[in-house]
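Note sheet for the following structure.
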Amino acid sequence: MDPAAASSTASATASASDDHAGQQHPVGIYLKVWGLLFVLSTLSYLVDYANLHGYLRWGLILALMVAKAGLIVAVFMHMRWERLALVYAILIPPLALLVLMALMATEADYTFLTRLAHFG
């Protein structure tokens, strides 16, 4: 093997390992997020244990669920350290779907109430 090719291969391997080493995050952040996820899960179970009913119960459960999902996506899926364009590419479509679903629900209520008014 040519010495120049060997040195270029070695430098490419070293730079690849340097890039990989730059992507590692401290273990402490993962442990903190794990602890926070544990606390949020405990709060979620306490909402059920407190025997809450109605919109308060479901609102708390959904808020805790969204907080846990956001932590998981941000830290464990490394979205916190990604470019803003990639974050937007992943987060905007589900948000757009939620807006469209809300619009469809509003339209369905309007249609239902209009039918009740005219045919009921």
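Along the sequence shown, residues carry numbers from 1. The basis for the numbers below is simple: all heavy atoms, side chains too, and nothing from hydrogens, waters or symmetry mates.
Follow the hydrophobic side-chain contacts under 4.5 Å out from Y30 and you reach V39 in the same cluster. At a threshold of 4.5 Å between side-chain heavy atoms, the hydrophobic network of Ile, Leu, Val, Met, Phe, Trp and Tyr places L62 and L46 in two separate groups. Linking ILVMFWY side-chain heavy atoms closer than 4.5 Å, directly or via other members, places L56 and L64 in a single hydrophobic cluster. Hydrophobic cluster membership differs between M65 and V47, with clusters built from Ile, Leu, Val, Met, Phe, Trp and Tyr side chains linked at under 4.5 angstrom.
With rounding to the nearest 0.5 Å, the separation of CE in M77 from CG in L71 is 13.0 Å. We find the CD1-CG distance between I61 and L43 to be 11.5 Å, quoted to the nearest 0.5 Å. Distance check, rounded to the nearest 0.5 Å: CG of L60 to CH2 of W58 gives 11.5 Å.
The environment of OH in Y45 is sparse: at most 12 heavy-atom neighbours from other residues, nucleotides or ligands sit within 6.0 Å.
A 4.5 Å side-chain heavy-atom check between R57 and D48 finds at least one atom pair inside the cut-off.
Listed here is the closest heavy atom pair of A67 and L40: CB-CD1, 4.0 Å. Heavy atoms only, all atoms of each residue included: L37 and I72 are closest at CD1-CG1, 3.9 Å.
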Audit row: L36, K32, side chain to side chain contact (heavy atoms under 4.5 Å, CB included) steps and yes/no: CA-CA 6 Å; L36 190 54; K32 289 176 188 172; over 6 Å; no
Check residues 93-109 and write down every donor-acceptor pair under 3.5 Å in which the side-chain atom is one partner and the other belongs to a residue at least two apart or another chain.
{"unit_1": "T106", "atom_1": "OG1", "unit_2": "A102", "atom_2": "O", "d": "2.9"}

